[in-house]
Asker: 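One structure is given below, represented as structure tokens, and several questions about it will come after.
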Number of protein chains: 2
Amino acid sequence: MGVSKQYTKLLDTFCLFLKQKGKRFTPEREALLLAVFSLKGHFSPEDLIKQLHKQDNTMSVVTMYRNLPIFVEANILERTCLSSKHTRYEMIWAKEHHDHLICTDCGTITEFNYEAIEILQEALAAQYCFNIERHHLELLGTCHTCQQRV
Amino acid sequence: MGVSKQYTKLLDTFCLFLKQKGKRFTPEREALLLAVFSLKGHFSPEDLIKQLHKQDNTMSVVTMYRNLPIFVEANILERTCLSSKHTRYEMIWAKEHHDHLICTDCGTITEFNYEAIEILQEALAAQYCFNIERHHLELLGTCHTCQQRV
DNA sequence: GTTCATGCAAAAGGTTTGCAGTCAT
DNA sequence: ATGACTGCAAACCTTTTGCATGAAC
């Protein structure tokens, strides 16, 4: 089971993080970690609640909200924006940086990594003496599939 | 007065838009337009409320919220995200497209336009048969000034 | 005069907080 | 045993909606 091996690694990382921060490993946090791992890509708090229900978990929504920042702090999740007015998170653990193509018709999110753009970003930042820590690039439009439709 | 000349032009555009859409030119909409014009750059609904107070305007917050989408429809404002969890708007009327350098220390937003990046974006989109309608690029980090500070 | 816009109050939705009890360490 | 975590309920903040009044065309 390759996947569960990866999960074990994530679990280890998470437990270590908690220990280092003097935080505790609770059943709720374990369930959250599994839910996050299952969702993988991008999700809203609401998606996470649904996933928890699928796992027959009865944790309170409050607990989920209280723990999301901890996952961000542990570099497992990132709070992303994605041109939506609603909060979204994305799993970044063991993932390379990437940006997003977002179809405004069907909502599909395609990830890409285009080194040349990043190089130009650095060049631009240098002009402004700006030190880039991170960036978000979203290309919005219509995907191949949706262009077919009239 | 160069500025007020520009405002007159904006006012004309806005009135024309309203007429075309069968909407009405009310004192509230006029006050909103002035507030938006005064704020120019990026602002939150809250900033807009403050600006209206400065103008001694007593319009209800509800009216402001109801009208913001109209300004977007009129291509005067754009709803932007800017990595914040709060809603923000930006005046786009008579402005060229640009992206943002955002200082995570002092919050300063610097606008830039870098043609070469846009060209690469198109090249990338072509690879995915994706049709770009718009995009957002945010570079987050520390600005020149904040790098000086220890 | 007709239709659309405004203001009030109230609802709605998502998120946060105080507090008492519970559980990991 | 201690201090951190959870769940409940309630608060909170921003945004939206129903309805009656008022104003632009």
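Letters A, B, ... are given to chains in the order of the sequence lines, protein chains preceding strands, and every chain is numbered from 1.
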Asker: Which sits closer to the 5' end of DNA chain D, B:Pro27 or B:Pro45, going by the nucleotide each is nearest to?
Answerer: B:Pro45
Asker: Applying a 4.0 Å non-hydrogen cut-off, can you work out what A:Arg29 is touching in the nucleic acid: base, sugar-phosphate, or nothing?
Answerer: sugar-phosphate
Asker: Which nucleotide wins on minimum distance to the side chain of A:Ser60, given the candidates D:dC8, C:dG7, D:dA24?
Answerer: D:dC8
Asker: With the side chain of B:Val62 defined as its heavy atoms from C-beta on, choose the nearest nucleotide among D:dA4, C:dA9, C:dC19.
Answerer: C:dA9
Asker: Test side-chain contact (heavy atoms from CB on, under 4.5 Å) on B:Thr110 and A:Phe130; report intermediate values, then the result.
Answerer: CA-CA 10 Å; B:Thr110 309; A:Phe130 190 91; 5.9 Å; no
Asker: Which one, C:dG14, D:dC8, C:dA5, comes nearest to the side chain of B:Lys23?
Answerer: C:dA5
Asker: Are any of the side-chain nitrogens in B:Lys21 or B:Glu73 under 4.0 Å away from the carboxylate oxygens of its partner?
Answerer: yes
Asker: Determine whether any donor atom in the side chain of A:Arg66 lies under 3.5 Å from an acceptor atom in the base of C:dT16, or the reverse, and answer yes or no.
Answerer: no
Asker: Roughly how far, to the nearest 0.5 Å, is the CD1 atom of A:Ile119 from the CG atom of B:Leu120?
Answerer: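 So the CG of B:Leu120 and the CD1 of A:Ile119 are separated by 9.5 Å.
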Asker: To the nearest angstrom, how far is A:Tyr65 atom OH from D:dC13 atom P?
Answerer: 17 Å
Asker: Closest nucleotide of DNA chain C for B:Met59 versus for A:Val61: which of these residues is on the 5' side?
Answerer: B:Met59
Asker: Starting at CD1 of A:Ile70 and ending at P of C:dT15, how long is that distance when rounded to a whole Å?
Answerer: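 Rounded to the whole Å, the gap is 17 Å.
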Asker: Nearest whole Å is fine: how far is D:dT6 P from A:Leu68 CG?
Answerer: 12 Å
Asker: Tell me the interatomic distance from B:Asn67, atom CG, to C:dA5, atom C1', rounded to whole angstroms.
Answerer: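 Those two atoms, CG and C1', are 8 Å apart.
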Asker: Please determine, for the side chain of A:His86, which listed nucleotide (C:dC8, C:dG14, D:dG7) has the closest atom?
Answerer: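 Of the candidates, C:dG14 comes closest.
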Asker: Rounding to a whole Å, what distance do you find between A:Glu28:CD and C:dG21:P?
Answerer: 18 Å
Asker: For D:dT6 and A:Thr26 - does any side-chain N or O of the residue sit under 4.0 Å from the phosphate oxygens OP1/OP2?
Answerer: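 Affirmative; the distance criterion is met.
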Asker: Please report the distance, rounded to the nearest Å, between CZ in B:Phe17 and P in C:dC4.
Answerer: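 Those two atoms, CZ and P, are 15 Å apart.
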Asker: Check B:Glu78 with B:Arg134, please: is the shortest side-chain N to carboxylate O separation under 4.0 Å?
Answerer: no
Asker: So does B:His98 have more than 12 non-hydrogen atoms from other groups sitting under 6.0 Å from NE2?
Answerer: yes
Asker: With DNA chain C as reference, determine whether B:Gly22 or B:Thr63 sits nearer its 5' end, using the nearest nucleotide of each.
Answerer: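 Nearest-nucleotide comparison on DNA chain C picks B:Gly22.
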Asker: Checking only heavy atoms, does the side chain of B:Arg24 share a donor-acceptor pair with the base of D:dC25 at less than 3.5 Å?
Answerer: no
Asker: Just how far, in rounded Å, is P of C:dG14 from CD1 of A:Ile49?
Answerer: 8 Å
Asker: For the pair made of CZ in B:Phe25 and C1' in D:dG22, what is the distance, rounded to whole Å?
Answerer: 18 Å
